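Naming: A, B, ... by sequence-line order, numbering from 1 per chain. In this text the structure is predicted, and so the values were computed from the model without any measurement.
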Protein chains: 2
Amino acid sequence: MKSPKHTVDIRLQNKQIVMRLLCFHEPMSRMEISQDTTLSPGTVTNVTGELLQEGILAKTGLVESVGGRPRTLLTISPNYGYLIGVDLGETHIQLELFNLARQKLGAIRYGIAESGNTPDYYVEQISSGLKELASSTGIKEEAILGIGIGVPGVVEHNGYVSIAAPMWNWQRVEFLNMLEAKINLPVYIDNGAKAMALAESWFGAGRGVEDMAVILLGTGIGAGIITKGSLYRGATNSAGEWGHTKIELNGRPCRCGSQGCVEAYAGAPGIISSLKTLSGESAKQDEDQIVTIKNLVEAYRAGDSSAVQVLHATAHYLGAGLANLVNLFNPELVVIGGWAGLLIGEAIMDELKKYVAQYALAPSAAHLKIDLCQFGQDAICMGAACLVLEEFLSANKKFMRQSVEG
Amino acid sequence: MKSPKHTVDIRLQNKQIVMRLLCFHEPMSRMEISQDTTLSPGTVTNVTGELLQEGILAKTGLVESVGGRPRTLLTISPNYGYLIGVDLGETHIQLELFNLARQKLGAIRYGIAESGNTPDYYVEQISSGLKELASSTGIKEEAILGIGIGVPGVVEHNGYVSIAAPMWNWQRVEFLNMLEAKINLPVYIDNGAKAMALAESWFGAGRGVEDMAVILLGTGIGAGIITKGSLYRGATNSAGEWGHTKIELNGRPCRCGSQGCVEAYAGAPGIISSLKTLSGESAKQDEDQIVTIKNLVEAYRAGDSSAVQVLHATAHYLGAGLANLVNLFNPELVVIGGWAGLLIGEAIMDELKKYVAQYALAPSAAHLKIDLCQFGQDAICMGAACLVLEEFLSANKKFMRQSVEG
DNA sequence: ATGACTTATTTTAAGATATAAAATAAGTCA
DNA sequence: TGACTTATTTTATATCTTAAAATAAGTCAT
């Protein structure tokens, strides 16, 4: 709903306001809701009354009285509906099922054969995973509010997906349409970093922060940017492509075809390449990136000078790239995530902060906080589920009275 | 007004909706307003009726009938109130007075003695300029809705201004308070590039564009970024500091103290420095930048190879920096302005577009347009006046019925 | 237990707004 | 001049919010 112009719109909007408040501050009594929303107590009674009758809210207990009628606590009914979040990775698919209290009720993970990266294959995997998840948790498909999918690429607004990862090469695939044809549920797709940013800003390291960025360090580098409390998408939903911002005009070649991108230096292959260059080894193509990075961090902790040098250099590149983002967006908080980010995050944090402070302008750098993400492995699934949740919270139809009597 | 919760809020909001529509699409009939806003004809009658009675709207004519009652055209009364926009530059102050139809009714320009850059001096100049402007145009101060000021520095939300330009060195000056103590009008201050971006997006090269960036090329380099139709400010109003994003990790020293900033290469002194380096001359400190750039563009047009080389290099640096901005913000349009931008814009446009397309990712680069700004000299004053206009359009108090009878 | 007091929630009465439909206004055109 | 067309205003009805009054459901001292 854009702007209420009608008296009925007010009721709808007030229901939304109450739902959003409860979603982030459960449980609350009617009085507390009234105070936080500036809605009068009578209105809160009316609004929550409808929501209770519809089964969207539930009473969950009383607050012990301090000399008066005790407050009744209200929450969103955890089982009013369920959310499915899918993390479509370069090497795996993970599906997770949550209730409205964001409790994980089930999960499935598939590895992916290197040859199977066609859209049809993924549609099939997601669709069958969905059924499996529903039956294993005993949840009826009708109770699922929708399915959100985070993908490692660019998603246009009409659901066209482009993924440039090696072995993939999807170009404007009509993925949303394909999924909707196969799956009888509302489907939402977005870039994985964007989804993760949503999860971290709503329920993770950035609870309550209005302007923040979530940085995803993995094989590739991405970012999700939250402005004014909601996901920043730009004109065609491809905002936040931080991994391919340039910090060296004639720098290292990047897999995107350009040179000097942040990703070329601070993506896992970039870090490994720095390491090999320093030690004179040639990079082994098939070596396990995760193991290599883990070993690097261990060596760093042990004081190994090459490891220190490489991680400092990585912090330097990241700091310069992050300073550009900070100068442009002026966020209050930057959250570091992604598997590589989780591994190296603590080790590089001090250096990273130092370089950001050095390269970013003082007014933006002064109040900036940098933290690590809170949802490790589950961040993208969680974020994908948040795409559904976001829709649920603004889904006026859900809050409309379908049949009124008396 | 954040979210209407009350029936009276609806009326206020609908007044705002109508005002904004008229501000950008004058003149319109009630029927057209009804269609564009989805408000019913009866409501439009009520809303415009109040606005007409308050003198905010006026009838300006009829549309010739095509076989029915002719439409009455409505506009915002141009003389309901006036706006003052101030361009506080590094070397001048310019004040302009506009009516609500954005017609310039008067202007004053002061040069600035190099020694006079104290806050007190500027407060004095603005305050006396204001009086002069009012008396020379014959407009009463009570009719002035407010005064907007664009400054070449960072403005925090509480009105603390920091300007790092040579000769200035303002650090968190309480400029807003100082002005408000002296001037008996609503005062709004913001960064000049931000103000200019507002003007270009509302009434200039970006009319109707929701996501865009305005790039200011002058002695310094700044940017104003419009997202979802309004100015993007970030957490502490210092977003958009594009001039100090880095494109070379160990690049040219910049006056900000860092290295490799876009400004160091493509600000006027940076361009001139490129030119001197190429020709082997040492840069003369006191040479007039404007003249030098003008000569450079003339030489370029005449096919001078050094000039071509320098402007191509400038386009290269700008293109790389702009690609970073485009990757992060995914705007629909980039507008080039500022005095240097106006001079070199046409000459470098093709090369600039080429480099942006080369460095930015395809999904963001594909739909991007790059244009020149439309308000040359007046852009910052115009934008500063838009700060007042923005406030006017969302000033509920103005639209409240002060005294209702019958 | 009882009455006084306290706090939470619901009910009620009044005021405001929007819309749809009907009425009116102000033209064109043959 | 009358039929027709389109714009705007008026009217009747349904909602909504709030403030204030009424109820509900406790605590606490006696």
Side-chain angles (χ1 to χ4, degrees), chain A residues 1-18 27-53 57 59-74 396 399-401 404-406, chain B residues 1-18 27-53 57 59-74 396 399-406:
Chain A
M1 173 171 30
K2 284 302 160 185
S3 53
K5 294 165 184 163
H6 194 238
T7 47
V8 175
D9 295 338
I10 293 186
R11 172 57 58 89
L12 248 45
Q13 166 134 328
N14 285 343
K15 279 185 172 182
Q16 274 189 30
I17 289 173
V18 168
M28 288 180 93
S29 71
R30 293 178 180 82
M31 287 317 291
E32 291 166 326
I33 293 173
S34 169
Q35 285 153 18
D36 277 27
T37 56
T38 73
L39 258 30
S40 73
T43 300
V44 174
T45 290
N46 288 336
V47 167
T48 56
E50 281 183 24
L51 257 12
L52 282 162
Q53 202 171 5
L57 294 187
K59 299 179 184 175
T60 48
L62 297 177
V63 163
E64 63 290 6
S65 163
V66 282
R69 178 174 175 171
R71 302 175 169 200
T72 308
L73 293 176
L74 304 176
N396 302 316
F399 304 150
M400 292 282 273
R401 278 159 300 175
V404 192
E405 52 238 304
Chain B
M1 173 171 30
K2 284 301 161 186
S3 53
K5 293 164 184 163
H6 193 239
T7 48
V8 175
D9 295 338
I10 294 186
R11 171 56 59 89
L12 247 45
Q13 166 135 329
N14 286 342
K15 279 185 173 181
Q16 274 188 30
I17 290 173
V18 168
M28 287 181 92
S29 72
R30 293 178 180 83
M31 287 318 292
E32 290 166 327
I33 293 172
S34 170
Q35 286 153 18
D36 276 27
T37 56
T38 73
L39 257 31
S40 72
T43 300
V44 173
T45 290
N46 287 336
V47 168
T48 56
E50 280 183 25
L51 257 10
L52 280 163
Q53 202 169 8
L57 293 187
K59 300 178 184 175
T60 48
L62 297 177
V63 162
E64 64 291 2
S65 162
V66 284
R69 179 174 174 173
R71 301 174 169 202
T72 309
L73 293 176
L74 303 176
N396 303 317
F399 304 150
M400 294 279 275
R401 278 160 299 172
Q402 346 248 240
S403 59
V404 193
E405 50 239 306

Taking only the side-chain nitrogens and oxygens of [X], find out if one of them lies under 4.0 Å from OP1 or OP2 of [N].
X	N	answer
B/T72	D/dT8	yes
B/N14	C/dT17	no
A/T7	D/dC16	no
B/R71	D/dT8	no

Show me the protein contacts with nucleotides 2-4 of chain C, counting only N or O atoms at under 3.5 Å.
none

Mind listing the side-chain donor-acceptor pairs of residues 39-47 of chain A below 3.5 Å, one per line with the distance, residues two or more places apart or on another chain?
| unit_1 | atom_1 | unit_2 | atom_2 | d |
| --- | --- | --- | --- | --- |
| A/S40 | OG | A/T43 | N | 3.3 |
| A/S40 | OG | A/T43 | OG1 | 3.0 |
| A/T45 | OG1 | A/P41 | O | 3.3 |

Calculate the interatomic distance between [X] atom [atom1] and [N] atom [atom2]; express it in whole Å.
X	N	atom1	atom2	value
B/R11	D/dT17	CZ	P	18 Å
A/E64	C/dT6	CD	C1'	15 Å
B/E50	C/dT17	CD	C1'	11 Å
A/I17	D/dT17	CD1	P	10 Å
B/Q35	D/dT6	CD	P	12 Å
A/K15	D/dC16	NZ	C1'	13 Å
A/L73	C/dA8	CG	C1'	12 Å

Let me check I have this right: for DNA chain C, each base becomes ., (, ), [, ] or |, based on Watson-Crick or G-U pairs with both distances under 3.5 Å. What is the full string? ||||||||||||||||||||||||||||||

So which heavy atom on B/G67 is nearest to which on B/S65, and how close?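 Closest pair (atom of B/G67, atom of B/S65, distance): N-OG, 2.8 Å.
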
Is there a side-chain contact between [X] and [Y] in this structure, where contact means two heavy atoms from C-beta onward sitting under 4.5 Å apart?
X	Y	value
B/S29	B/L73	yes
B/I10	B/N14	yes
B/T60	B/L74	no

Interface polar pairs with nucleotides 24-28 of chain C, N/O, under 3.5 angstrom:
| unit_1 | atom_1 | unit_2 | atom_2 | d |
| --- | --- | --- | --- | --- |
| C/dA25 | O4' | B/R69 | NH1 | 3.4 |
| C/dA26 | N3 | B/R69 | N | 3.3 |

To the nearest 0.5 Å, what is the distance between CD1 (B/I33) and CG (B/L57)? 7.5 Å

Residue pairs involving residues 60-69 of chain B (criterion salt bridge (Lys or Arg N to Asp or Glu O under 4.0 Å); sequence neighbours excluded):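 Output for this query is empty, none listed.
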
Mind checking B/S34 for me? I need base, sugar-phosphate or nothing, with any heavy atom below 4.0 Å counting as a touch. nothing

Please list, by residue number, the residues of residues 41-49 of chain A whose heavy atoms come closer than 4.0 Å to an atom of DNA chain C; answer none if no residue qualifies.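 Going residue by residue through residues 41-49 of chain A, the ones with a heavy atom under 4.0 Å of DNA chain C turn out to be A/P41, A/G42, A/T45.
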
